[in-house]
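Remarks on the structure that follows.
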2 protein chains.
Amino acid sequence: MSPGFPDTAPTPSPSAPRDRLLATASALFYAEGIHAVGVERLITQASVTRATFYRHFGGKEELVTAYVEAQDAALRAQYEEAAQLIDEPAGLLRALVGGISETVCGPGFRGCPFINAAAEYPDPATPVHRAVLAHRTWFRTVLLELLAAAGHSDPPWAARRLVMIRDGAMVGGYLGERDEVVTSLATVVDEVLGSGRTDMEAGPG
Amino acid sequence: MSPGFPDTAPTPSPSAPRDRLLATASALFYAEGIHAVGVERLITQASVTRATFYRHFGGKEELVTAYVEAQDAALRAQYEEAAQLIDEPAGLLRALVGGISETVCGPGFRGCPFINAAAEYPDPATPVHRAVLAHRTWFRTVLLELLAAAGHSDPPWAARRLVMIRDGAMVGGYLGERDEVVTSLATVVDEVLGSGRTDMEAGPG
DNA sequence: TCCTAGGGAGAACGATCGGTCTTTCTGCTT
DNA sequence: AAGCAGAAAGACCGATCGTTCTCCCTAGGA
C-alpha cells in the first residue's frame, strides 16, 4: 500500500473464493443435507469455477470436513468470547446452555449440524465423522471442567446428563415443539446444577 | 371367487420380492444412510430385477417412506405386545424405556432411524419426513396416555421430559458412551416417574 | 386348454455425480 | 518489463443416479 508497510497488507481478500465456497457449503449442507448437494450447485452459488474449487479442496469430502470443523470452530470461539465476559463457572455454564436455547429457537434451525452430519457419515473412520466426535468430546470436556470448577459434587454425572439433554433439545427443537424444549431444557439444567450441593444454587444470579 | 377354497391361499409367498426389497432397504438405509444407497445395490442385494422393483414401488422415495413406516410399525407392534403382558401403566412405561436401552446397546446400533432419516429429508412436505413426525407423535401420545393412566400429576410435563431424554439417549448411544447413556436414562426415568407423587414410586416392582 | 399376471434378465434413457483438463485473463512480485 | 500464481470459463471424463423399456419364462386361475 505504501512504503514502510511491505507486508502482505491486511489481507484485502485473504482467499475470497475459498471463503465463499465454505460459506455456501455451510448454508446448503445444513439446510438440505450433505449428500443432497452436488458440486455443481456449490460452485454455481458460490460464483466459483470448478478448477478453483479443486484448487482449495482436495474433493467434496474435504469440503464437508471443513464445514463440520468450521461449525466446531464457531462454537468454540463463541464459548471463548463468553468465557472472557463471565467469571463464575456456574454462570458460564448457564450461558452455554442459553446459547443452545437461542440456537434452537433461531430462524432456520434444522437440527444439530453435527448430529445431522453423523447421520450421513456413519463410518467412524471418515474424517467427517471424526470431526463430529471431536466436537462432542470438546463440549463434554468443557462441561466437565466448568462443573468441577463450580464445585459440583459429581461433575462426570452432571456432564453426562447435560450432554444428553442438549442432544434431546437439539432433536426436539427440530422434530418437536421448540418452546416446550427450551423450557424443559432450562428446568433440567437447574435441576442438574442444583443437585450438586455447593455454591451453585439455581437462579440467573 | 369360486366354490370351496378359491381364496388366494394362505399366501405361500405374499409377495416375496417386495418383502426382500423392503428388508434389504431397511438394512442398507439404516447402516449406511439413505442417499448413500442406490437402486442398483438395492435390487442386487435383494435378488430382484429393476422391473420388479418399480412394479412394487413407484420409485426410490416410496421405498424410503415404506422403510420408515416399517420401522414405525415394528415399534408399535412391539409396544402392543408388551401391553398385553403388562397391566400397570407404570410398568409398561418402564418396559418402553427398557426397550430403548436394549436397542441402544444392541449390536449394530447406528442411531435412531427416524432422527437419521429426518436429517436427510429436511423438507416437512416430504412423505418421509411426515412419516418420521407421525412416529414421534405416536410415541409422545403413548407416553401421555400411560402417564395419565398411571396417575402422574403432570403428564404433559413428564412426557416432554421423557421424549427429550429418549432422543438424548439415541444420539448419545450412537455418538457417545452407550453404557453411560443407559444408566443415565434409567435414572432420569425414575426421577420423572417418581416426581408425579402418586402410585408410581420407582423400582422395577 | 389357454391365457395372463408377475418375475427374471438386461438394454437403454437422460441427468447428474465427483473429478480433471486446457485456455485465457488479471494482478502481484521481482 | 518480465514472469508467475490464482481465478474465471468451460469442455470433457467415466461412473452412477433414478427411471423406463422390451423380451422371455413360468406358474396359477379361467
Side-chain angles (χ1 to χ4, degrees), chain A residues 1-25 28-29 32-67 117 120-121 123 126-128, chain B residues 1-25 28-29 32-67 117 120-121 123 126-128:
Chain A
M1 285 241 175
S2 70
F5 283 90
D7 208 352
T8 56
T11 59
S13 67
S15 180
R18 206 198 120 102
D19 290 351
R20 259 179 291 152
L21 224 19
L22 189 51
T24 304
L28 290 182
F29 286 162
E32 306 186 19
I34 297 172
H35 288 320
V37 178
V39 173
E40 182 72 34
R41 218 138 73 78
L42 281 172
I43 63 177
T44 299
Q45 283 207 30
S47 298
V48 160
T49 59
R50 269 189 139 67
T52 304
F53 172 84
Y54 285 99
R55 203 176 295 123
H56 285 288
F57 301 95
K60 189 190 174 186
E61 185 163 316
E62 205 169 300
L63 175 61
V64 177
T65 307
Y67 152 66
E120 296 201 61
Y121 289 83
D123 186 354
T126 300
V128 179
Chain B
M1 283 230 178
S2 76
F5 283 88
D7 208 352
T8 55
T11 59
S13 67
S15 182
R18 206 198 119 101
D19 291 351
R20 258 180 291 152
L21 225 19
L22 189 51
T24 304
L28 290 181
F29 286 161
E32 307 186 18
I34 298 172
H35 288 319
V37 178
V39 173
E40 181 72 36
R41 219 138 72 79
L42 240 25
I43 63 177
T44 299
Q45 284 206 28
S47 298
V48 159
T49 58
R50 270 189 145 65
T52 304
F53 172 83
Y54 284 99
R55 206 175 290 125
H56 285 287
F57 300 95
K60 188 190 174 185
E61 184 164 318
E62 207 168 298
L63 175 62
V64 176
T65 307
Y67 151 65
E120 296 201 61
Y121 288 84
D123 185 354
T126 300
V128 179

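In the text below, chain A, chain B and the rest are named by the order of the sequence lines, each starting its count at 1.
- Taking every heavy atom of both residues into account, A:E120 and A:I34 meet most closely at OE2-N, 2.7 Å.
- Distance CZ (B:R55) to C1' (C:dG6): 5 Å, rounded to an integer number of Å.
- At whole-Å resolution of the value, CZ in B:F53 and C1' in D:dT19 are 10 Å apart.
- As a whole-Å value, the separation of A:L21 CG from D:dG6 P is 16 Å.
- Nearer the 5' end of DNA chain D, as judged by each residue's closest nucleotide, is the contact made by B:H35, out of B:H35 and B:A51.
- Within residues 37-44 of chain B, the residues having any heavy atom closer than 4.0 Å to DNA chain D are, in order of number, B:V37, B:G38, B:V39, B:E40.
- For D:dA7, the OP1/OP2 oxygens have a side-chain nitrogen or oxygen of A:H56 closer than 4.0 Å.
- In this structure, B:L21 and B:L42 approach most closely via the heavy-atom pair CD1-O, 4.2 Å.
- Proximity of the aromatic rings of A:F29 and A:H35 is defined here by a centroid distance below 6.0 angstrom, and this criterion is not met.
- Between the CG atom of B:D19 and the C1' atom of C:dG7 there is a distance of 15 Å, rounded to whole Å.
- For the pair A:T49 and D:dA7, the criterion of a side-chain N or O lying under 4.0 Å from OP1 or OP2 is not met.
- Rounded to an integer number of Å, the gap from CD1 of B:I34 to P of D:dG18 is 12 Å.
- Judged by atom type and distance alone, B:R50 does not reach the base of C:dG10 through any side-chain donor-acceptor pair under 3.5 Å.
- Pairing each heavy atom of B:A66 with each of B:F57, the nearest pair is CB-CE2, 3.9 Å.
- Residue A:Y54 has a polar side-chain atom (N or O) positioned under 4.0 Å from OP1 or OP2 of C:dG19.
- To the nearest angstrom, P of C:dG19 lies 10 Å from CG of A:L63.
- In this structure, A:T126 and A:E61 approach most closely via the heavy-atom pair CG2-OE2, 3.5 Å.
- In terms of heavy-atom proximity, A:L28 sits nearest to A:R41 at CD2-NH1, 4.2 Å.
- Residue A:E32 contributes atom CD, which lies 15 Å from atom P of C:dT16 at whole-angstrom precision.
- Across B:A25 and B:L63, no two heavy atoms sit closer than the pair CB-CD2, 3.8 Å.
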